[in-house]
Amino acid sequence: MDKIIKISEFNFREEVGDPFIIRMHHLDFFPKGNGDMEVPKDHIKDRNPNGDFDFDNDFRMYYGKTVPGFPVHPHRGFETVTIVLQGFVDHSDSAGLSGRYGAGDVQWMTAGKGMQHAEMFPLVNDDKDNTLELFQVWLNLPSKSKFVDPHYKMLWNEDIPIVVEENEDGNKANINVITGSYNGTNSLDPNPDSWAFDRDNHVNIWTIHLEPGASFTLPKVSDTLNRTLYLYQGKNIKIDETTIDSQATLKLAGDQEINVVNGNKDSYLLLLEGEPINEPAINYGPFVMNTMDEINEAYKDYEETKFGGWPWDRVDPVNPSDSGRFAKYGENNIDIPK
């Protein structure tokens, strides 16, 4: 049986097999800030503030007008897992919670029955460029969990387990175990209502750095596992006798052991895999539900309740430039990474 089911081009936004919904990769070469964490006006005078996704430019404003990012918007019925590789994200939500997280940190957010949040990309550096790179993964919730209370937590870079595998030539593979496990090393716990919380669902999210000549092995799990490996930077990795010589999305068999060998350049990969929820899933705008009736109900509820309202004085809140990394879970519950 073939270990590689499908090879396709790596794109900014891609649908992912159940239990995931979509995977997005943001890479923006933002310039120096203007002192207010904004993009200088001469860089955005010809940009579209209502949806700037122009990939011919070095960076995008998305829906931000001065600070790039995603001003207040609602979600229901799924989770976002945001993996920051470079730059910073400012979080604000309808419960009045907030935070800033940066390179290597992961935010796990359960939208559940409904919440509003903003995800802004502040340009905190005025003396150098502000490159931003992140993955955002939408992980579905089973029907029994779609109306749980919203919840978010930080997985700080310093706390995420890293497995280092060194071959006989001294070449290292570094596997960041965001969720799941690798070779006996377990991740931190995700949010309690997540499909990933039950480790029998085999939800693995890893970021992987391969030095030249390094290798690692994906274990055999099950014939029902959905497994996708993304080569987002680097080239010349080899799986069996197949060489992947450019950025690519690889749909792989879940019931076979798969050895990944790197070529002569550093390579960077993301793994998404898990057992399917096996329920209907409809992704319509900012909601993921089981039926169109539930989607329509979500829009109606949002119009009537605003999912708790918006306690901030602007649609695109940002924290002070010198605030550092933190997560505010309540008035007297502020988490700062060690």
Side-chain angles (χ1 to χ4, degrees), residues 13 15-16 18-24 26 48-53 60-82 89-99 101 107-121 134 136-154 190-196 277 279-319 327-330:
R13 184 185 191 278
E15 295 185 357
V16 191
D18 185 4
F20 301 97
I21 304 296
I22 55 174
R23 188 276 306 148
M24 289 162 282
H26 297 265
N48 176 12
N50 295 316
D52 175 13
F53 288 81
R60 285 136 291 281
M61 291 296 292
Y62 302 105
Y63 292 100
K65 293 183 178 179
T66 57
V67 178
F70 296 86
V72 57
H73 56 281
H75 289 306
R76 172 182 278 184
F78 68 102
E79 300 184 289
T80 61
V81 182
T82 306
V89 178
D90 276 3
H91 164 88
S92 308
D93 66 32
S94 49
L97 310 184
S98 60
Y101 53 106
Q107 187 203 60
W108 200 295
M109 190 278 289
T110 305
K113 64 184 180 182
M115 67 177 297
Q116 295 190 78
H117 74 161
E119 304 158 286
M120 305 309 299
F121 309 145
L134 65 82
Q136 186 168 94
V137 179
W138 289 18
L139 176 60
N140 200 9
L141 286 167
S143 58
K144 68 178 183 179
S145 302
K146 284 192 177 294
F147 288 90
V148 299
D149 289 336
H151 180 76
Y152 100 93
K153 69 184 291 186
M154 288 306 310
N191 288 356
D193 295 300
S194 177
W195 183 250
I277 296 173
E279 295 178 350
I282 298 176
N283 173 202
Y284 199 92
F287 307 130
V288 180
M289 304 303 292
N290 296 113
T291 68
M292 272 308 300
D293 284 344
E294 291 175 337
I295 292 289
N296 293 332
E297 180 186 2
Y299 276 101
K300 182 175 180 291
D301 289 349
Y302 173 63
E303 288 299 319
E304 292 178 353
T305 70
K306 300 302 180 186
F307 293 159
W310 188 244
W312 308 94
D313 61 2
R314 54 188 283 185
V315 298
D316 58 349
V318 291
N319 299 300
K328 181 179 179 182
Y329 301 127

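Quick note: residue numbers are just sequence positions, from 1.
Using a 30° and 60° split on the angle between ring planes, Trp138 and His75 fall in the perpendicular class, above 60°. Taking the six-membered ring where the residue is Trp, His117 and His91 present perpendicular rings, their angle passing 60° and hence far from 30°.
Aromatic ring centres of Phe78 and Phe20: separated by at least 6.0 Å. Taking the six-membered ring where the residue is Trp, the centroids of His26 and Tyr62 are separated by under 6.0 Å.
Within the 4.5 Å cutoff, no side-chain heavy atoms of Pro280 are placed close to those of Thr291. Pro192 has its side chain within reach of His151: a pair of non-hydrogen atoms, C-beta onward, lies under 4.5 Å apart. Under the 4.5 Å side-chain criterion, counting only non-hydrogen atoms from C-beta, Val137 is not in contact with Val16. Side-chain contact between Phe147 and Arg76: present, with at least one pair of heavy atoms (C-beta onward) separated by less than 4.5 Å. At least one side-chain heavy atom of Arg13 sits less than 4.5 Å from a side-chain heavy atom of Ile22. No side-chain heavy atom of Trp195 sits under 4.5 Å from any side-chain heavy atom of Pro190. Annotation: side chain of Met289 is not in contact with side chain of Ile282 (no heavy-atom distance under 4.5 Å). For the pair Ser98/Trp312, a side-chain contact is recorded, criterion being any heavy-atom separation below 4.5 Å from C-beta on.
Looking only at distances, no side-chain donor or acceptor of Asp90 sits under 3.5 Å from a matching main-chain atom of Val318. Remark: side-chain polar atoms of Glu279 are not paired, donor with acceptor, to backbone N or O of Asn290 under 3.5 angstrom. A side-chain donor-acceptor contact under 3.5 Å links Ser194 to the backbone of Ala196. No donor-acceptor pair closer than 3.5 Å links the side chain of Asp149 to the backbone N or O of Lys113. Asp193 places no side-chain N or O within 3.5 Å of a backbone atom of Ser145 that could act as its donor or acceptor partner. Asn283 places a side-chain N or O within 3.5 Å of a backbone atom of Gly285 that can act as its donor or acceptor partner. When atom types are taken as modelled, the side chain of Lys146 and the backbone of Leu141 share a donor-acceptor pair closer than 3.5 angstrom. Asp18 places a side-chain N or O within 3.5 Å of a backbone atom of Ile277 that can act as its donor or acceptor partner.
Among the candidates Asp93, Asp316, Val315, the single residue satisfying the side chain to side chain contact (heavy atoms under 4.5 Å, CB included) test with Val72 is Val315. Checking Tyr101, Tyr329, Trp108 one by one against Tyr152, the ring-ring contact (aromatic ring centres under 6.0 Å, His included) holds for a single residue, Tyr329.
Residue Pro317 comes nearest to Ala118 through the heavy atom pair CD-CB, 4.0 Å, listed as atom of the first residue, atom of the second, then distance. The minimum heavy-atom distance between Gly64 and Pro71, with the atom names listed, is N-CD, 4.1 Å. Between Asp52 and Met61, the shortest heavy-atom distance links the atoms OD2-N, 3.0 Å. Residues Gly114 and Pro150 approach most closely at O-CG, 3.3 Å, considering heavy atoms. Annotation for Met154 and Ala327: closest pair CG-CB, 3.6 Å, computed over non-hydrogen atoms. In terms of heavy atoms, Trp310 sits closest to Ser92 at CH2-O, 3.6 Å.
If you take OH on Tyr284 and CE on Met292, they are separated by 5.5 Å, rounding to the nearest 0.5 Å. Between the CD atom in Glu119 and the CD atom in Gln107 there is a gap of 7.0 Å [rounded to 0.5 Å]. For the atom pair CE (Met115) and CG (Leu97), the distance works out to 7.5 Å, reported to the nearest 0.5 Å. Here OG1 of Thr82 is found 8.0 Å from CE of Met24. Values are rounded to the nearest 0.5 Å.
Crowding of Glu304 atom CD: a count of heavy atoms from other residues, nucleotides or ligands under 6.0 Å exceeding 12.
Seen from the ring of Tyr302, Lys300 does not count as a face-on cation partner, given the 6.0 Å and 45° thresholds.
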